[in-house]
Structures are given as structure tokens and as C-alpha cells.
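Take a look at the structure below.
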Amino acid sequence: MSARVPVPSPGGLASRNLGGPGRLAAAAVAVLALIWMTGNLSSVVPSLVIGLTEHAPLVLAATGFALLYRLTGLINVAYAETVTLGAYFAMHLNTTYGLGFFAVLVPAGVLAGLLSVATYLLIFRPAKLRGVGVLELIIISFGLSIALRYGLQFVFGTPVRFFDVPPPDSVNILGVGVASFRLVALISVLVLAVGLYLFIQRSRYGLMVRALAGDEALAQVSGIRPFAVTVLIWFIAGLAGGMAGAFYGVGSSVSPMLGSRVFILILLVVLVGGIWGLNGVMVVGIGTGIVLAFMTLTLGQVLYAHVVLIIGFLVVLKARGRRLTESTKV
């Protein structure tokens, strides 16, 4: 007789539907108010186009990290290197074997997923079995991040690397010139992110993942093998992060700091968007890209835009207070 898989509690992985349509709508109104106050209405359309095309990989990376965070409660700093390694794997396959970008995208993601599983089996699982606390695990992940980063520098060197892809054509969208590749990348990222969401929400294995994330003890009683499901989650998270890194890399360049530059945004998107589950993470990820593009156009410096956006996220985290810390394990 097959075991019955428990349905996760309302606080589980993706069960918080946008119970927040009101809150998300309020956030959208706040953004529009900010645009109106700056008087920079001419930047609205370019911000939408640039934000959606250039920052689409953020949605994919944040979705993968959200799964990992919900299951483990661990802020895995080394996830930044998973993103970076995805870019390096894809770049190496592309430049060494002459494969097109979309031919190396899945292999790069799979390699990043396997590396993610290896870090779990060799580092995080043994530490957890020995009773290491969450704070210590975060410190371990920070050390692993540094080790992987310098390992990349040892293998590939410190110079910035580039994909060997033909120059993209330019497509005019609402008066904004966009590289044709970025448009294809946007569609690909959204398909991958939605596919990942449907896998978690609709498939039998996705139900097991949500059950384990909701109540590990109840999941075990129901016949779910926590080890197998946990390995699956680490692989999926690595797969998503690796593919996101490949998209980041081909859109600009590949360097050992690629993942570190976007990790803080990934973390904040998950902490804030996770209030409403995976769908919330995706919505906040899309909104973050658009706002980041708008502030970059307004302030003229991407660094200033990052600082302002991070401050805004921190204000939200502070305002949410205790409830946020209790509910953001997506």
C-alpha cells in the first residue's frame, strides 16, 4: 500500500498564495508613486524593457535559493558560487567545444546541480549530523564560498572571460533597443522558472518536497525518505542557480565575482518575496529587476541603484519585524 503524502501546512513552501494581492498592489502603487515623485516618467518604458530582459536571471536564481532556504533554513552563502560556476561551466563548454549557448545551458546547469549535491553530501550533511547549529553552518557556507571562488581563480585565472557567441541583432521593443539574445533569454528564463514552480506545485515529487519542508517528522511517518528528497532539492537549487549564472555570463562577462555581485539581491528577494511563497519570490524578483533598471537610469550609476534598492529592502525587513522572520521560509 502506498504511503500517503501529507499536504503541507499553510505556512509551507508555496501554499501562501498572493494572499497578498493587496500588499503586492500596494507595492506597485508605491513604485509608481516613486516614479511620479522623481518626475522621470520617460524612464518608465525603458525600465520595464531593460528590467525584464537584463535582470530575468534573478528570478530563476532566487527561485532555486528559495527552495534551499525553505528546506534547510540555511542562508547558504556558497550559493553565490553555484551561480558563478554555472557561468564558468557554460563558458568552458562553449569556448572549448564550440557548442552554441543553448546547447551548453542544460549541461552547465546539471554540473552546477551535481556540485551543489556534492557540497551537501560532503560538507553540510555531515555537519548537520554532528549537531552543528545554523549559525555555524552559515559560517561554513561562507568559508566554502571563499574556497570555491579561489579555486575558480586557480583553474580559470582572474581575467574576465567571455562567451564565443555571434554578435546579437537588435530588436526594437516599445522604442527601446534590445539584443535579440536577451529577448530569447527572457523567454527561456520565464519558461524555466514557471516549469520549476509547476514541478513543485503539481508533481508527486514536488508534493514530497513541500511536505518535507512543512513538517519533516510528519513526512517521515508518511513514508517519505528525507535524504532522497533533500538531495533532490539541492540538485534543483544548483540547477536553477547554474542556469541563471550562464544567462548572467553570456549577457555580459564571466568572472570569479559574478555570483557575489548578485547574491545580496537574491537573498533579499527571497526574504521579502517568500512571505507569499514561490509565486511571491518570482513577482518580487521581476519587480526588483524593473526597479533596479529604473533607478540605474535615474541615478546614472548601477552602484547607487543597488545601494538604494538594498536600503529599501532592509526597511521592508525591519518593518515586517518578527512576522517576517517566521514566515519567509518560502
Side-chain angles (χ1 to χ4, degrees), residues 50-69 75-94 101-117 119 145 148-149 152 161 163 165 181-197 199-200 233-271 273-274 278 281-290 292-293 306 330:
I50 296 172
L52 288 173
T53 54
E54 290 193 12
H55 301 290
L58 176 63
V59 177
L60 189 58
T63 302
F65 185 79
L67 293 173
L68 200 58
Y69 177 59
I75 297 177
N76 181 15
V77 181
Y79 189 78
E81 271 49 61
T82 300
V83 175
T84 305
L85 281 162
Y88 270 101
F89 288 147
M91 180 272 301
H92 180 70
L93 293 172
N94 166 251
F101 173 72
F102 288 101
V104 303
L105 180 61
V106 173
V110 170
L111 289 172
L114 292 175
L115 182 67
S116 176
V117 171
T119 61
S145 174
L148 289 173
R149 189 181 311 158
L152 281 171
R161 307 285 291 272
F163 281 77
V165 293
F181 174 79
R182 290 196 181 278
L183 195 57
V184 176
L186 168 63
I187 297 172
S188 302
V189 166
L190 292 180
V191 168
L192 289 169
V194 171
L196 182 58
Y197 174 80
F199 171 78
I200 295 299
I233 282 292
W234 279 82
F235 176 77
I236 292 175
L239 179 75
M243 287 185 169
F247 278 113
Y248 274 123
V250 76
S252 55
S253 61
V254 181
S255 72
M257 295 297 294
L258 185 151
S260 299
R261 288 195 293 265
V262 297
F263 177 71
I264 186 64
L265 288 180
I266 294 172
L267 175 61
L268 291 173
V269 164
V270 170
L271 289 177
L278 281 184
V281 171
M282 293 178 183
V283 169
V284 172
I286 292 171
T288 298
I290 295 171
L292 184 59
H306 272 87
V330 188

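Phe89 is linked by a ring pair (Phe, Tyr, Trp, His ring centres under 6.0 Å) to nothing, counting only residues two or more places apart in sequence or in another chain. With sequence neighbours excluded, the residues that form a salt bridge (charged side-chain N to carboxylate O under 4.0 Å, His left out) with Arg149 are Glu81. With sequence neighbours excluded, the residues that form a ring pair (Phe, Tyr, Trp, His ring centres under 6.0 Å) with Phe102 are Phe181. Here Phe163 pairs with Phe101 under the ring pair (Phe, Tyr, Trp, His ring centres under 6.0 Å) rule; sequence neighbours left out.
Within the 4.5 Å cutoff, side-chain heavy atoms of Leu265 are placed close to those of Leu292. Two residues are said to be in side-chain contact when any heavy atoms from C-beta on lie closer than 4.5 Å; Val281 and Tyr69 fail this criterion. For the pair Leu186/Leu190, a side-chain contact is recorded, criterion being any heavy-atom separation below 4.5 Å from C-beta on.
Closest non-hydrogen pair, Tyr79 versus Ala237, comes out as OH-O, 3.2 Å. Here the closest non-hydrogen pair linking Ala112 and Gly238 is CB-O, 3.5 Å. When all heavy atoms of Ala78 and Ser145 are compared, the pair lying nearest together is CA-CB, 3.8 Å. Val77 and Phe263 make their closest contact through CA-CZ, 3.8 Å (heavy atoms, listed as atom of the first residue, atom of the second, distance).
From Leu85, atom CG reaches atom CG of Leu111 across 9.5 Å, with rounding to the nearest 0.5 Å. Interatomic distance, Leu239 CG to Leu192 CG, rounded to the nearest 0.5 Å: 8.0 Å. To the nearest 0.5 Å, atom CG of residue Leu268 and atom OG1 of residue Thr288 are 8.5 Å apart. Between Met282 atom CE and Leu196 atom CG the span is 6.0 Å, to the nearest 0.5 Å.
Applying the salt bridge (charged side-chain N to carboxylate O under 4.0 Å, His left out) definition to pairs two or more places apart or across chains, none involves residues 236-265.
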Can you list, pair by pair, the side-chain donor-acceptor contacts under 3.5 Å of residues 51-68, counting residues two or more places apart and other chains?
unit_1 : atom_1 : unit_2 : atom_2 : d
Thr53  : OG1    : Val49  : O      : 2.8
Thr53  : OG1    : Ile50  : O      : 3.4
Thr63  : OG1    : Val59  : O      : 2.7

Using residues 103-110 as the side-chain source, report each donor-acceptor pair under 3.5 Å to any protein atom, sequence neighbours left out, with the distance given to one decimal.
none

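Put simply, the residue from Leu258, Leu152, Leu93 that forms a side-chain contact (heavy atoms from CB on, under 4.5 Å) with Tyr88 is Leu152.
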